[in-house]
Amino acid sequence: MNEDYNITVGEQTDYGDDNIRTLTGTEHIRLRPGMYIGRLGDGSLPEDGIYVLLKEVIDNSIDEFKMHAGDRIEITVEDNLRVAVRDYGRGIPQGKMIEAVSVLNTGGKYDSKAFKKSIGLNGVGVKAVNALSTHFEVRSYRDGKVRRATFERGKLISDTTEDSQDENGTYIYFEPDNDVKLFKDYEFHDDIVETMLRNYTYLNTGLTIMYNGRRILSRHGLEDLLKDRMTTDALYPIVHLQGDDIEVAFTHANQYGEEYYSFVNGQHTTQGGTHQSAFKEHIARTIKEFFGKYEYGDIRTGIVAAIAINVEEPVFESQTKIKLGSTLMAPDGETINKYVGDFIKLQVDNYLHIHGDVAEVLESKIKESERDRKAMAGITKLARERAKKANLHNRKLRDCRIHFSDAKDDRKEESCIFITEGDSASGSITKSRDVNTQAVFSLRGKPLNTFGLTKKVVYENEEFNLLQAALDIEEGLDTLRYNKVIVATDADVDGMHIRLLTITFFLQFFPELIKKGHVYVLQTPLFRVRNRRTKIKNKQVIAAEDTKLAATNSKQTKTDFITRYCYSEEERLQAISDLGPDPEITRFKGLGEISPEEFAGFIGPDIRLEQVTLHKTDQVQKLLEYYMGKNTMERQNFIIDNLVIEEDRPEEDQYE
């Protein structure tokens, strides 16, 4: 008899009318939050759910700005946990305010006359915020009155209306639910929030956002975006063109690959869509026709570009709105491809005819790309054939079933690939991974230092060629097979070196992979601390006493002692303090030492990842030149001058 479910194995349960339930909108959102906001997460990654909640609230304020109602939005994040958003638009119609924030499929954006180019169209967004918040408050200021309502987890608590002298607009305050099934131990990260807000200002020149007292605005739209995002100098001044419902900006840089930023109605479509594809097609075609020669690939190599369009009733491929699926500018309008193509053809062609100096620099860059391609032609062909054969029986790659490039798979964003060092580490991960979404690629040791080398090395070096083929990024990120590329190395000197060499490879040849937020470093525990004298009474004790546990409860109950996995010296000391006298301490020297059973916890739902980011202020080229260049004596002298020798620890503080 299974006591948890009170049934006997093989016995049929009753199935009648009482088993059929109709959930309210709030109940369904809380039961299936992923259907509404995508992943949950703890706020450490830009795609985590708490940022989707914030975005859904801000989107409504942006829509007011687009309707020329309010040019200022005030956003406050308290203690990295609670958010208040105040706009100065028209305010939610007070008679329907409660329904607008709590009843699914209710909103003012279905009528295209009121919100012609709105981001949110499905009447879900702010309702999801309400349902997934422990506390939610909405105020509508209109014509000398303010209606205020408070909710807890989507349930109405209070509703009042009174006189007010405040400006018209809407105020929303929410605190995401930190329930273990929702946003457990979440935290808003300042840099992620600021990047999101800057994107809003790039797309809405004239809008001022006050974020925790700091003013954010853009005077030159997408031109400012490219200036802020580029980590290498532009070869010619950024070309910035605007028209009705479309804005584009582009230049070329001395870098490999292509880099695109695309937006629809102010929404950052991180996975592109029909508008981005149209831009890529027509920018290359227009430039080719202007010069009367050259191949599309040579024209686009090194391009850095952004496009923003406004579409009536846009259709996105998911509720999180990160990829545009629409093919028409409006339900009865022309296609997006033709609209973008006509604009690019006219404006870019005119620009190049007027600015001959820009055309000259652009052609010089195209010729350089053409020479590089022709110089690699023979090597590239052989490398592709070798990679194609290896894909059939590639010892280095243990693939997964679901890929990021699988257009209609609901779990495609979960797909990831672990880049490991050696067979022992890859063996542990392979045995404990989720075969549906987690792939493993094994390096045979320290890879080649690629700094300063040309892309020819990607094809000449078998390991890099196979990695490029595994990721499927030779022609750009449109075919990227894994959403997360995770570097998983030992936490020792050799592991750090391998990590640096791998990231250098991406920076040198595929910087857009990092700029688009796809590269991560796996955080694995340095120590295991356990005390066999501290008995586990029940599963509740585990949950209460060990919130950062990596192993499963069933595993711990079997071993009958509490185990803490520590990722830093501070966590190790805290674990020793918590677990009582004479704990058993193990220092993990490498990933291969961790058993597959333990590893399953480290790469499961509670996986700890550190995203590799790239900003203009990082001075990437100088850093790579110093750490990966040939200035050996300079680095050696720095190490000698800054070497710190730690004193031996007391004997009782030694690890097993």
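From a predicted model like this one, the values you see are computed outputs, not experimental measurements. We number each residue from 1, following the sequence as shown.
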Passes side chain to side chain contact (heavy atoms under 4.5 Å, CB included), Asn465 versus Asn461? Steps please. CA-CA 6 Å; Asn465 183 44; Asn461 184 285; over 6 Å; no
I would like to know whether Glu289 and Lys345 meet salt bridge (Lys or Arg N to Asp or Glu O under 4.0 Å); could you show each step before the answer? CA-CA 9 Å; Glu289 290 176 355; Lys345 169 63 179 173; 3.0 Å; yes
Is there a donor-acceptor contact under 3.5 Å linking the side chains of Gln255 and Thr232? yes
Ignoring hydrogens and geometry beyond distance, is a side-chain donor-acceptor pair present between Tyr202 and Asp228 at under 3.5 Å? yes
Using 0.5 Å steps for rounding, measure from the CD1 atom of Ile192 to the CG atom of Asp48. 7.0 Å
Does any part of the side chain of Leu352, heavy atoms only, come nearer than 4.5 Å to the side chain of Glu360, both counted from C-beta? no
Distance only, no hydrogens: is a donor on one side chain within 3.5 Å (strictly under) of an acceptor on the other, for His282 and Asn337? yes
Donor-acceptor pair between Glu56 and Tyr51 side chains, under 3.5 angstrom: no
Within the distance-only criterion (no hydrogens, no angle test), does the side chain of Glu247 pair as donor or acceptor with the backbone N or O of Leu222 below 3.5 angstrom? yes
Apply the test side-chain hydrogen bond (donor to acceptor under 3.5 Å, both in side chains) to residues Tyr482 and Asp472: give CA-CA distance (whole Å), side-chain angles for both, the deciding distance (0.1 Å), then the verdict. CA-CA 9 Å; Tyr482 311 97; Asp472 199 8; over 6 Å; no
If I compare all heavy atoms of Leu443 with all of Thr502, which pair ends up nearest, and what's the gap? CD1-OG1, 3.9 Å
Could you tell me if the side chain of Lys365 sits less than 4.5 Å from the side chain of Asn254, heavy atoms only? yes
Using ring-ring contact (aromatic ring centres under 6.0 Å, His included), reason through His353 and Phe290 one step at a time and then give a plain yes or no. CA-CA 9 Å; His353 275 97; Phe290 176 82; 4.8 Å; yes
In terms of side-chain heavy atoms, does Thr231 have a donor or acceptor partner in Lys515 at a distance below 3.5 Å? yes
ring-ring contact (aromatic ring centres under 6.0 Å, His included) between Phe404 and His518, worked out: CA-CA 11 Å; Phe404 190 52; His518 292 292; 5.7 Å; yes
Which residue in the set Thr274, Ile344, Ile246 passes side-chain contact (heavy atoms from CB on, under 4.5 Å) when paired with Phe279? Ile344
Side-chain atoms of residues 371-379: list all donor-acceptor pairs with protein atoms under 3.5 Å, sequence neighbours left out, distances to 0.1 Å.
unit_1 : atom_1 : unit_2 : atom_2 : d
Arg373 : NE     : Asp298 : OD1    : 2.9
Arg373 : NE     : Asp298 : OD2    : 3.0
Arg373 : NH2    : Asp298 : OD2    : 2.9

Take Ile419 and Val485, measure what side chain to side chain contact (heavy atoms under 4.5 Å, CB included) needs, and give me the verdict at the end. CA-CA 7 Å; Ile419 301 176; Val485 180; 3.7 Å; yes
Criterion side chain to side chain contact (heavy atoms under 4.5 Å, CB included) on Ile514 and Ile503, from CA distance to verdict: CA-CA 9 Å; Ile514 293 177; Ile503 293 174; 4.2 Å; yes
Would you please say whether a donor-acceptor pair under 3.5 Å links the side chains of Asn199 and Tyr261? no
Polar contact flag, side-chain donor to acceptor under 3.5 angstrom, Ser262-Thr269: yes
Kindly give the heavy-atom pair with the smallest separation between Lys288 and Tyr296, and that separation in Å. CD-CE2, 3.5 Å
For Val85 and Val57: C-alpha separation, side-chain torsions, deciding distance, then whether side chain to side chain contact (heavy atoms under 4.5 Å, CB included) applies. CA-CA 7 Å; Val85 178; Val57 174; 3.8 Å; yes
Looking at every non-hydrogen atom in both residues, tell me the closest pair between Leu207 and Arg72 and how far apart they are. CD1-N, 4.2 Å
Which value, rounded to the nearest 0.5 Å, describes the distance between Leu362 atom CG and Ile303 atom CD1? 8.5 Å
Is a side-chain donor or acceptor of Gln611 paired with a backbone partner of Gly517 at a separation under 3.5 angstrom? yes
Residue pair Ile417 / Leu397, side-chain heavy-atom distance below 4.5 Å: yes
One should read off an interatomic distance between Thr270 OG1 and Gln276 CD, to the nearest 0.5 angstrom, of 9.5 Å
On a heavy-atom basis, which atom in Asn265 and which in Lys66 lie closest, and how many Å separate them? O-CE, 3.6 Å
Using side-chain heavy atoms (C-beta onward) and a distance below 4.5 Å, is Ile309 in contact with Asp245? no
What is the distance from atom CD of Glu312 to atom CG of Asn310, rounded to the nearest 0.5 Å? 11.0 Å
Taking His220's backbone N and O only, do any of them form a donor-acceptor pair with Thr205's side chain (distance below 3.5 Å, no angle check)? no
Is it the case that Ser44 and Asp42 place a side-chain donor and acceptor less than 3.5 Å from each other? yes
Under 3.5 Å, is there a donor-acceptor pair between the Lys446 and His497 side chains? yes
Working note: Asp224 + Arg198, criterion salt bridge (Lys or Arg N to Asp or Glu O under 4.0 Å); need CA distance, chi angles, decisive distance, verdict. CA-CA 10 Å; Asp224 288 340; Arg198 289 197 179 279; over 6 Å; no
Donor-acceptor pair between Glu363 and Tyr294 side chains, under 3.5 angstrom: yes
Would a distance-only check, ignoring hydrogens and angles, find a side-chain to backbone donor-acceptor pair under 3.5 Å from His252 to Ile299? yes
Over 60° means perpendicular and under 30° means parallel, so classify the ring planes of Phe505 and Phe464, tilted if in between. parallel
Specify whether Phe188 and Tyr186 have parallel, tilted or perpendicular ring planes, treating 30° as the upper limit for parallel and 60° as the lower limit for perpendicular. perpendicular
Using side-chain heavy atoms (C-beta onward) and a distance below 4.5 Å, is Leu324 in contact with Pro314? yes
Note, Arg215 side chain near Leu217 side chain (heavy atom, < 4.5 Å): yes
Separation of Asn483 CG from Cys416 SG (nearest 0.5 Å): 9.0 Å
Rounded to the nearest 0.5 Å, what separation is found between the OG1 atom of Thr454 and the CD atom of Gln508? 9.0 Å
Could you report the tightest heavy-atom contact between Phe418 and Ala488, atom names first, then the distance? CD2-CB, 4.3 Å
Looking only at heavy atoms, which two atoms of His275 and Ile307 are closest? And how far apart? O-CD1, 3.9 Å
Passes ring-ring contact (aromatic ring centres under 6.0 Å, His included), Tyr256 versus Phe509? Steps please. CA-CA 5 Å; Tyr256 293 102; Phe509 303 116; 5.4 Å; yes
So, do Lys455 and Gln468 sit near enough that their side-chain heavy atoms are less than 4.5 Å apart? yes
Kindly determine whether Arg214 and Glu194 satisfy salt bridge (Lys or Arg N to Asp or Glu O under 4.0 Å), including the steps that lead there. CA-CA 10 Å; Arg214 304 197 300 270; Glu194 184 166 340; 2.9 Å; yes
Using modelled atom types and a 3.5 Å cut-off, is there a donor and acceptor pairing between side-chain atoms of Ser218 and backbone atoms of Gly221? yes
So Ile73 and Ile62, do their side chains get closer than 4.5 Å, heavy atoms only? yes
